[in-house]
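First the proteins, then the strands, lettered A, B, ... as listed; each starts at 1. What you see is a predicted model; the values in this text were computed from it and never measured.
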Protein chains: 2
Amino acid sequence: MSGPARTTSHASSKAAVLDVIRAAGTISRVGLINATGLTGATISTVVRGLIEDGLVVETGRAESTGGKRRVLLELDHSARYAIGVHLDHAGITYVLTNLGGAVVGRISRPGAGAAKPADVVERMAAEAAALVGSVGIDRERVLGLGLVSPGPLSASAGMAPPPPTMRQWSDFPLDTALGQATGLPVLLDNDATAAALGEHWSGGVDNAATVAALYMGTGIGAGLLVNGITYRGASGNAGEVGHICLDPFGPECWCGARGCLEALAGPSAVVAAARADKALARAAGLGRRRSVSADFAAVSRAARKGEPAALELLERSARYLAVATRTLANVMDLEAVVLTGPSFAIAGAIYLPIVQEELDRAFFSRANHPVRVRLSASAATASAIGAAAMVLQSELVPLHHGLRLPGNLVESEPPPVGA
Amino acid sequence: MSGPARTTSHASSKAAVLDVIRAAGTISRVGLINATGLTGATISTVVRGLIEDGLVVETGRAESTGGKRRVLLELDHSARYAIGVHLDHAGITYVLTNLGGAVVGRISRPGAGAAKPADVVERMAAEAAALVGSVGIDRERVLGLGLVSPGPLSASAGMAPPPPTMRQWSDFPLDTALGQATGLPVLLDNDATAAALGEHWSGGVDNAATVAALYMGTGIGAGLLVNGITYRGASGNAGEVGHICLDPFGPECWCGARGCLEALAGPSAVVAAARADKALARAAGLGRRRSVSADFAAVSRAARKGEPAALELLERSARYLAVATRTLANVMDLEAVVLTGPSFAIAGAIYLPIVQEELDRAFFSRANHPVRVRLSASAATASAIGAAAMVLQSELVPLHHGLRLPGNLVESEPPPVGA
DNA sequence: TGGCATTGTTAAGTCAACGAAGAAACGAAG
DNA sequence: CTTCGTTTCTTCGTTGACTTAACAATGCCA
């Protein structure tokens with residue numbers, strides 16, 4: 001069957017203009033003319049519409065360039081809000097952001113653990129409502145809720161083959177359930193993808209056209225952004241850098257292959273090696289019963305205190321990550337890489353220089369352009385912020401450029417008479 | 001500065017409709033309505049325009065589905081032609097294709113060797129003209145010339161840091177020079193990217209949304225296609241799968257890194273290993289003075305004849321390639337892979353099953369969807385065909401969805417008065 | 001105070017695409 | 001053989017986004 005009219009081109013350039021205003025922070029109408037390529041006349045009417053919608057405000061004047069002074073425009077940051085939720089085994093993080101992507105409220109709660117999905121959904125709805133209430137914001141101004149969790153996610157229903165820690169979530173219709181519980185539009189996505197979008201939306205990623213956000217939590221993933229649009233691949237599972245192979249004869253990975261980055265150098269691998277080193281385990285205060293993330297944090301603290309064994313473990317991990325990042329950059333021809341997620345929030349200072357050095361030294365197109373590596377300003381909550389950014393993006397920048405989906409061309413075409 | 005009006009949205013849906021007709025081969029107006037999502041009214045006028053332009057013809061009737069019989073539409077294949085040129089160290093291949101991407105003429109000539117670029121350009125112009133003349137086609141009907149060569153290419157001028165064999169081409173303005181010599185529009189691109197486009201254009205790549213064309217000549221590259229649009233990355237050098245790292249401690253590669261796929265398993269590596277094996281070198285008839293491609297072909301022939309040492313060498317190479325392909329598929333979430341280029345034209349039968357097996361066994365999202373692997377139907381000339389397809393694409397499908405280039409947003413914005 | 005450059009708005013025209021209604025082609029029932 | 005319902009395709013008038021062209025508003029500088 002395949003529904004008709006997938007080409008929703010130019011859903012008014014309102015969205016595009018709004019996006020430029022957001023990216024620029026403060027800009028005049030003339031600035032918009034240059035940035036968008038639209039005419040003054042168009043910008044005039046579009047901006048009037050945005051001001052009437054309450055999304056944009058005039059905030060001052062620029063200095064003269066020889067004639068009339070420009071009127072400066074800005075987002076009305078408190079015009080709309082979005083909720084972002086990061087659902088992980090270890091914990092659930094909620095953020096409330098304004099139009100500009102700035103966090104105006106945040107809470108963290110215990111993770112889903114082994115609880116039943118339906119109960120977790122109820123809890124999430126209550127906790128999200130509590131967050132909105134505590135900040136004292138008109139509920140009407142909340143655009144929606146973005147929910148992200150470790151991939152891979154299937155379609156828009158639940159998650160398909162889940163990582164080992166979250167099996168009970170298979171086939172659970174997460175988005176519809178939460179939508180009913182909250183009464184808000186709900187978007188579901190991969191946490192790494194969300195982190196990338198969050199970096200873009202909150203201005204961290206300058207104007208770089210092609211960016212990867214490396215997300216290291218318990219596993220390692222990446223969100224890919226091309227021209228500010230998330231790249232998802234065939235089934236929405238692009239960016240699985242944790243399963244870049246760095247050694248065809250390496251240790252087995254839970255994904256079924258050998259020598260994956262995650263198996264060689266992910267937090268679990270680092271922690272496993274640290275626990276195996278009796279002396280280090282004692283010095284850093286590791287314990288078999290504690291979570292991987294807790295122990296990874298302990299190893300990182302030990303490294304920062306100068307414990308050589310811990311430092312060496314992390315540097316070894318960083319070198320593997322650097323090589324995998326180079327592979328990713330070579331394949332995608334990246335302009336920038338952002339390190340984000342809880343593990344980089346803790347140990348990013350150790351990883352960053354090693355990754356940058358590797359790219360400067362051996363990135364294939366280094367003669368054409370460098371690959372800049374940055375540490376996220378909000379690595380710990382990047383995914384939740386990105387989840388909120390997803391909502392802002394989808395509500396305010398409705399899927400520009402009508403991408404024609406593949407679609408079945410031939411379908412019911414009757415056979416030619418001559419055949 | 002930054003030129004204005006980069007958003008050339010919907011340059012008439014003529015191009016989109018034409019693309020659908022091409023993809024479908026034969027289709028009715030109703031079929032177009034379903035495939036594009038446009039209205040019958042729009043399709044009616046657009047198709048009339050295409051017929052008036054001489055690009056499309058009505059070719060018959062379909063059987064009735066209960067009412068009036070549908071009128072079938074097809075491209076007028078001989079309405080326009082395009083020249084594709086593959087410039088390589090080893091040889092230059094010229095093809096002339098019609099609108100449908102079918103080859104109507106082809107010649108091969110000696111490679112550029114150490115000749116001066118200006119002389120090579122003159123020769124290419126003459127040989128291209130000879131090809132068009134020999135087929136007896138009105139020169140007016142030739143849309144342009146696509147020229148592809150081993151990357152990386154810089155901007156649209158020449159090629160930046162060239163592979164070791166083509167140093168003298170640095171900074172030579174290939175496209176403008178050839179444009180002047182031929183009087184035709186000239187497009188320049190990477191040969192792997194062109195191969196991917198060629199596969200898409202000639203219908204080899206069904207409707208798969210996300211495809212990589214692995215191109216193995218002397219080196220290994222890949223062209224990436226997302227929704228039928230080539231993915232280029234930040235500087236047009238995406239798809240460098242030859243420099244996926246499979247062993248951080250492996251042998252040095254000419255790119256400056258270690259353990260690249262190309263260094264471990266590319267044709268040069270295979271040939272080097274074969275030459276080092278005295279017995280095999282004699283059995284296969286290898287020689288130090290001969291080209292890599294000639295000796296790679298010799299090894300492949302030996303393998304097909306059952307020579308165990310040759311077969312083992314190639315299978316080893318295939319396993320490395322398979323692992324690198326898996327990495328690529330994991331990162332991009334691919335739906336399909338096409339093996340193409342001269343080396344796969346010779347040895348593809350050995351590589352294909354090994355790559356397919358690896359993806360079936362260990363592709364990360366294998367539970368969601370498989371990755372199909374195919375051998376190109378025209379592996380030896382895929383790049384040249386793709387070069388011609390580039391011309392068809394650019395002349396007939398002018399860059400749909402106005403992608404806003406990064407562009408400098410802030411530029412001449414004067415400082416706010418309050419600052 | 002009067003140029004003069006720059007910014008922003010208004011008005012009229014263009015163009016792609018749409019909806020509705022009509023014309024044309026066809027199978028089948030009377 | 002006529003009539004009816006169905007499906008295909010075209011014509012016509014409209015919408016909506018955007019453009020060009022003219023105009024109004026603002027502020028620098030002499």
Flag the pair L224(B) / M332(B) as yes when at least one side-chain heavy-atom distance between them is below 4.5 Å, and no otherwise.
yes
When you measure from the side chain of T39(B), which nucleotide among dC18(C), dT19(D), dC26(C) comes out closest?
dC18(C)
dT7(C) phosphate, OP1 or OP2, under 4.0 Å from S28(A) side-chain N/O:
no
When you compare the side chain of L99(B) with that of L392(B), does any pair of heavy atoms fall below 4.5 Å?
yes
Look at the side chain of A41(B) and decide which nucleotide, out of dC18(D), dT11(D), dC26(C), has an atom nearest to it.
dT11(D)
Set out, line by line, the N/O atom pairs under 3.5 Å between protein and nucleotides 13-15 of chain C.
none

Let me check the geometry of the helix from dT1(C)-dA30(D) to dG22(C)-dC9(D). What is the bend angle between the axes at its two ends, five pairs each, to 10°?
0°
For atom CD1 of I33(A) and atom P of dC18(D), their distance in whole Å
14 Å
Non-hydrogen side-chain atoms of D76(B) and I51(B) separated by less than 4.5 Å
no
On the nucleotide dT10(C), are OP1 or OP2 found under 4.0 Å from the side-chain N or O atoms that R48(A) carries?
yes
When rounded to the nearest 0.5 angstrom, what is the spacing between OG1 in T210(A) and OH in Y231(A)?
12.5 Å
From dT19(D), dA17(C), dG27(D), pick the nucleotide closest to the side chain of S64(A)?
dG27(D)
Tell me the interatomic distance from K14(A), atom NZ, to dC18(D), atom C1', rounded to whole angstroms.
15 Å
Does a donor on one side chain and an acceptor on the other come within less than 3.5 Å for N98(A) and S78(A)?
no
Is the side chain of R69(A) donor-acceptor paired with the backbone N or O of S64(A) at a distance under 3.5 Å, no angle test?
no
When you match E58(A) and T42(B) each to their closest nucleotide on DNA chain C, which lands nearer the 5' end?
E58(A)
Atom pair distance, as rounded to whole Å: CZ in R61(A) and P in dT26(D)
8 Å
Is there a side-chain polar atom (N or O) of S44(B) under 4.0 Å from OP1 or OP2 of dT10(D)?
yes
Any heavy-atom pair between the side chains of H369(B) and D333(B) that's under 4.5 Å?
yes
Hey, are the side chains of H200(A) and V211(A) touching, using non-hydrogen atoms and a 4.5 Å cut-off?
no
Roughly how far, to the nearest 0.5 Å, is the CD1 atom of I21(B) from the CG atom of L72(B)?
11.5 Å
Can you tell me how far C1' of dC29(D) sits from CD of E63(A), to the nearest Å?
16 Å
Give, for atom OG1 of T42(A) and atom NZ of K14(A), the distance between the pair rounded to the nearest 0.5 Å.
14.0 Å
dG8(C) P sits how many Å from I51(A) CD1, rounded?
11 Å
Output a table of nitrogen or oxygen pairs between the protein and nucleotides 3-8 of chain D separated by less than 3.5 Å.
{"residue": "dT7(D)", "atom": "O3'", "partner": "T65(B)", "partner atom": "OG1", "Å": "3.3"}
{"residue": "dT7(D)", "atom": "O2", "partner": "K68(B)", "partner atom": "N", "Å": "3.3"}
{"residue": "dT8(D)", "atom": "OP1", "partner": "R70(B)", "partner atom": "NE", "Å": "2.7"}
{"residue": "dT8(D)", "atom": "OP1", "partner": "R70(B)", "partner atom": "NH2", "Å": "2.9"}

Considering only heavy atoms from C-beta outward, does the side chain of T230(B) approach that of L225(B) to under 4.5 Å?
yes
Looking at every non-hydrogen atom in both residues, tell me the closest pair between A213(A) and A195(A) and how far apart they are.
CB-C, 4.3 Å
